[in-house]
S.K.: 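Pasting in a structure now, in C-alpha cells, and then I'll have a few things to ask.
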Amino acid sequence: MRWSVARGFHVFRLGAALMTALALGLSSAAADEPAKQAFGAVKLPTAGPPTPYGFYAKGCMGGAEALPTDGPTWQAMRLSRNRRWGNPAMLSLLEKLSRDATKIGWPGLLVGDIAQPRGGPMVNGHASHQIGLDADIWLTPMPAHRMSVAERESLPFTSMLEKGKFLTIDPQHWTPAHARLLMLAASYPQVQRIFVNPAIKKKLCESWTGDRSNLGKIRPMYGHDSHFHIRIFCPAGASDCKRQVAVNAGDGCDKTLAWWFTSEPWAPAKKPPNAKPAPKPREVMVSDLPKACAALLNAPSVASERMATFGGPSAYTDPASYALKASAKLPVPSPTSARP
C-alpha cells in the first residue's frame, strides 16, 4: 500500500476523529447537512488508508489520492471541479489503460470526473462517483500538446450521436479506434461494468468481430454519448464497500438492449387525472450515508494536494506552471515504445 510519509503522520489523528464522531453518535450538525453541499465544500482528502464506505451511489471515501493533472498518456479535464480524487485501485487502472491504449492506436486519455476529495454526493453531474471507484473518460482522443487550464475548461464534448436522429451513431465521429478502446477497458478483470449510450452499445454489438467475452460488461445507459463511465469492483479487503450485483451472462446484445430503442425509456411518466403535484424529492443528508461519512467530514485534511497525489509528491504538477506553455508538443508514446 502506497502512503507518503507526510500522510502517515495524519493517520492517528484521523482514527481519533472517526472514533470520536462515532462515540458521539454522529450528533454533530454535519450529520444533518445536505450531503452534496457538505462534501462539495471539502477541498482535500483525509489521510490514512484508502477506504470506500457504502455504495457507488451512496457513500464516501477516506484516504483518497489525486490523479496527477498530467501523465505521459493522459490529461485531466475540468480541473476547477476538483473531482480528480479516487481510490488508488482506480487511479492505477486509469494509468494502465492510458498506456495500453497507445498500443491500439489511441493517443492517450482525457480523464473527466472521478470523485470529490472525500467522495460523497455532488452538487451536479452525477448520482454515483461517490466512493472513488468510478471514472469518466472522454471519447475525444488526447491532443498532441499539453493543454492549458483554460483549454481543459472550455474544450467542448464531442457526441458520438448524429444530430436530429434517434440513437444513431455519427459516422463522422465514431471510428474503429473507439470500439477498440472500449473493449480494451472492458478486458481488465477489475472492471465491473462500463456505461455507454445505448447507440454505442448497439454499434459494438453489430460491428465487433473480436473476442466478445467482455462485451456484456458494457452497459447501455442514458447520456454517455461523449464519454464512457468505467466502474471497478470493490478492492480486496474493503469490507465497508458495498458491491454491485454482477452483470448478466452473455454479451448484452439482447432484449435488454432492444428496450432502449422503444418509446418506454423516453416517455414521460403517466399521471392519473387530477393527480396532485408530486412532492419535491427529499435531499440526501449526511445522516443518510454510511455512519463513517459524517466522521470523515470532520477529520483532519492532508497537508496539500501535492502530498496526496497518486505516485507521490514528485508526480504533482501545479497547473499554473504550464498554463503559459500550452502549445508544447507532448512525447506521445508509439505502440512500440509504450511501457508494458
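Since the model is a prediction, treat every value here as computed from it, not as a measurement. Throughout, residue positions are numbered sequentially from 1 according to the sequence presented.
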S.K.: Applying side-chain contact (heavy atoms from CB on, under 4.5 Å), run through Cys234 and Phe55 and close with a yes or a no.
M.R.: CA-CA 9 Å; Cys234 293; Phe55 189 61; over 6 Å; no
S.K.: Would you find a donor on one side and an acceptor on the other, under 3.5 Å apart, between the side chain of Tyr316 and the backbone of Ala66?
M.R.: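 Such a contact is absent between Tyr316 side chain and Ala66 backbone.
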S.K.: With sequence neighbours left out, write down each residue that passes side chain to side chain contact (heavy atoms under 4.5 Å, CB included) with Pro198, or none if nothing qualifies.
M.R.: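 Pro198 satisfies side chain to side chain contact (heavy atoms under 4.5 Å, CB included) with Leu167, Pro220, Trp260, Phe261 only.
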S.K.: Mind checking what makes ring-ring contact (aromatic ring centres under 6.0 Å, His included) contact with Trp174, not counting sequence neighbours?
M.R.: His178
S.K.: Could you check whether any side-chain N or O of Asn197 sits under 3.5 Å from a backbone N or O of Gly223, counting only pairs where one atom can act as donor and the other as acceptor?
M.R.: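 The answer is yes, because a donor-acceptor pair under 3.5 Å joins these two groups.
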S.K.: Could you grab the distance from atom NE2 of His227 to atom CE of Met77, nearest 0.5 Å is fine?
M.R.: 13.0 Å
S.K.: With heavy-atom distances below 4.5 Å as the criterion, would you say the side chains of Ile200 and Phe228 are in contact?
M.R.: no
S.K.: What's the spacing between Leu67 CG and Glu95 CD if we round to 0.5 Å?
M.R.: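 Interatomic distance, Leu67 CG to Glu95 CD, rounded to 0.5 Å: 8.5 Å.
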S.K.: Just by modelled atom types, is the Glu305 backbone N or O under 3.5 Å from a matching donor or acceptor in the Thr309 side chain?
M.R.: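 Yes; at least one donor-acceptor contact below 3.5 Å.
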S.K.: With rounding to the nearest 0.5 angstrom, report the OG to CE distance, Ser213 to Met183.
M.R.: 7.0 Å
S.K.: Please give me the minimum heavy-atom distance between Leu110 and Pro143, naming the atom from each residue.
M.R.: CD2-CD, 3.9 Å
S.K.: Got a donor-acceptor contact below 3.5 angstrom from the Gln190 side chain to the Met90 backbone?
M.R.: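 It does not hold such a pair.
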S.K.: So how far is it from Leu204 CG to Lys202 NZ, rounded to the nearest 0.5 Å?
M.R.: 11.5 Å
S.K.: Do Pro52 and Pro235 come within less than 4.5 Å of each other through their side chains, counting heavy atoms only?
M.R.: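 Contact flag for Pro52/Pro235 side chains = yes.
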S.K.: Just so I know, are the side chains of Pro121 and Leu289 near enough to count as touching, which here means a heavy-atom distance under 4.5 Å?
M.R.: yes
S.K.: If you take all heavy atoms of Met61 and Trp85, which pair is closest and at what distance?
M.R.: CE-O, 3.6 Å
S.K.: How close do Phe310 and Pro68 get, counting heavy atoms only, and between which atoms?
M.R.: O-CG, 3.5 Å
S.K.: Which value, rounded to the nearest 0.5 Å, describes the distance between His224 atom NE2 and Ile218 atom CD1?
M.R.: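 One gets 12.5 Å once the value is rounded to the nearest 0.5 Å.
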S.K.: Please answer: with hydrophobic residues joined when any side-chain heavy atoms are less than 4.5 Å apart, are Phe195 and Leu94 in the same cluster?
M.R.: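 Cluster IDs for Phe195 and Leu94 differ.
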S.K.: Could you work out, with ring-ring contact (aromatic ring centres under 6.0 Å, His included) as the rule, every residue matching Trp74, not counting sequence neighbours?
M.R.: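 Partners of Trp74 under the ring-ring contact (aromatic ring centres under 6.0 Å, His included) test: none.
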S.K.: In terms of hydrophobic clustering (I, L, V, M, F, W, Y; side-chain heavy atoms under 4.5 Å; direct or indirect links), are Ile104 and Val111 co-clustered?
M.R.: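 Ile104 clusters together with Val111.
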S.K.: Short question: side chain of Arg152, backbone of Leu79 - any donor-acceptor pair under 3.5 Å?
M.R.: no
S.K.: Are Thr69 and Arg84 close enough, and set up right, to give a side-chain contact (heavy atoms from CB on, under 4.5 Å), and what steps lead you there?
M.R.: CA-CA 8 Å; Thr69 53; Arg84 291 181 291 110; 3.6 Å; yes
S.K.: Under 4.5 Å between any side-chain heavy atoms of Ile230 and Leu93, yes or no?
M.R.: yes
S.K.: Provide the closest heavy-atom pair for Leu91 versus Glu65 in the form atom of the first, atom of the second, distance.
M.R.: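 What the structure gives for the nearest pair is CD1-O, 3.4 Å.
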S.K.: Restricting to non-hydrogen atoms, name the atom on Gly59 and the atom on Gln130 that form the minimum distance, rounded to 0.1 Å.
M.R.: N-OE1, 3.0 Å
S.K.: When rounded to the nearest 0.5 angstrom, what distance separates OG1 in Thr51 from CD1 in Ile131?
M.R.: 11.5 Å
S.K.: Does Ser287 reach the main-chain N or O of Met285 with its side chain, forming a donor-acceptor pair under 3.5 Å?
M.R.: no
S.K.: Pair up each side-chain donor or acceptor in residues 132-140 with any protein partner under 3.5 Å, not counting sequence neighbours, and list the distances.
M.R.:
{"residue": "Asp134", "atom": "OD1", "partner": "His229", "partner atom": "NE2", "Å": "2.7"}
{"residue": "Asp134", "atom": "OD1", "partner": "Arg231", "partner atom": "NE", "Å": "2.6"}
{"residue": "Asp134", "atom": "OD1", "partner": "Arg231", "partner atom": "NH2", "Å": "3.2"}
{"residue": "Asp134", "atom": "OD2", "partner": "His129", "partner atom": "N", "Å": "3.3"}
{"residue": "Asp136", "atom": "OD1", "partner": "His129", "partner atom": "NE2", "Å": "3.3"}

S.K.: In this structure, are over 12 heavy atoms from other groups packed under 6.0 Å from Lys217 atom NZ?
M.R.: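 Atom NZ in Lys217 is packed in, count exceeds 12.
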S.K.: Would a 4.5 Å heavy-atom cut-off, applied to side chains only, mark Trp106 and Arg180 as touching?
M.R.: no
S.K.: Taking Arg118 for the side chain and Leu296 for the main chain, is one N or O donor matched with an acceptor at less than 3.5 Å?
M.R.: yes
S.K.: Do the side chain of Thr168 and the main chain of Phe166 share a donor and acceptor less than 3.5 angstrom apart?
M.R.: yes
S.K.: Spell out, as yes or no, whether a donor-acceptor pair under 3.5 Å connects the side chain of Ser207 to the backbone of Lys203.
M.R.: yes
S.K.: Can Tyr188 be reached from Ile232 by stepping across I, L, V, M, F, W or Y side chains whose heavy atoms are under 4.5 Å apart?
M.R.: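 Yes, Ile232 connects to Tyr188 through the hydrophobic network.
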S.K.: Below 3.5 Å, can you tabulate the donor-acceptor pairs from side chains in residues 275-283 to any protein atom, sequence neighbours excluded?
M.R.:
{"residue": "Arg282", "atom": "NH1", "partner": "Asp288", "partner atom": "OD2", "Å": "2.9"}
{"residue": "Arg282", "atom": "NH2", "partner": "Asp288", "partner atom": "OD1", "Å": "3.4"}
{"residue": "Arg282", "atom": "NH2", "partner": "Asp288", "partner atom": "OD2", "Å": "3.3"}

S.K.: For a side-chain contact (heavy atoms from CB on, under 4.5 Å) check, start with the C-alpha distance between Ile114 and Arg83, then their side-chain angles and the critical distance, and finish with the verdict.
M.R.: CA-CA 6 Å; Ile114 305 171; Arg83 296 176 179 177; 5.9 Å; no
S.K.: Report, one line per pair, each donor and acceptor closer than 3.5 Å where one atom sits in a side chain of residues 156-163; sequence neighbours left out.
M.R.:
{"residue": "Ser159", "atom": "OG", "partner": "Leu161", "partner atom": "N", "Å": "3.0"}
{"residue": "Ser159", "atom": "OG", "partner": "Asp225", "partner atom": "OD2", "Å": "2.6"}

S.K.: Given 3.5 Å as the limit, does a donor-acceptor pair link the side chain of Gln244 with the main chain of Gln192, or not?
M.R.: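 Checked: no pair found.
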S.K.: Assess the residue pair Leu109 and Thr73 against the criterion (side-chain contact (heavy atoms from CB on, under 4.5 Å)); give the C-alpha distance rounded to whole Å, side-chain angles, the decisive distance to 0.1 Å, and a yes or no.
M.R.: CA-CA 6 Å; Leu109 303 183; Thr73 49; over 6 Å; no
S.K.: If you look at every heavy atom in Leu257 and Cys205, which pair is closest and at what distance?
M.R.: CD2-SG, 3.8 Å
S.K.: Taking the side chain as everything from C-beta on, heavy atoms only, tell me whether Trp208 gets closer than 4.5 Å to Leu182.
M.R.: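 No, too far: nothing below the 4.5 Å cut-off.
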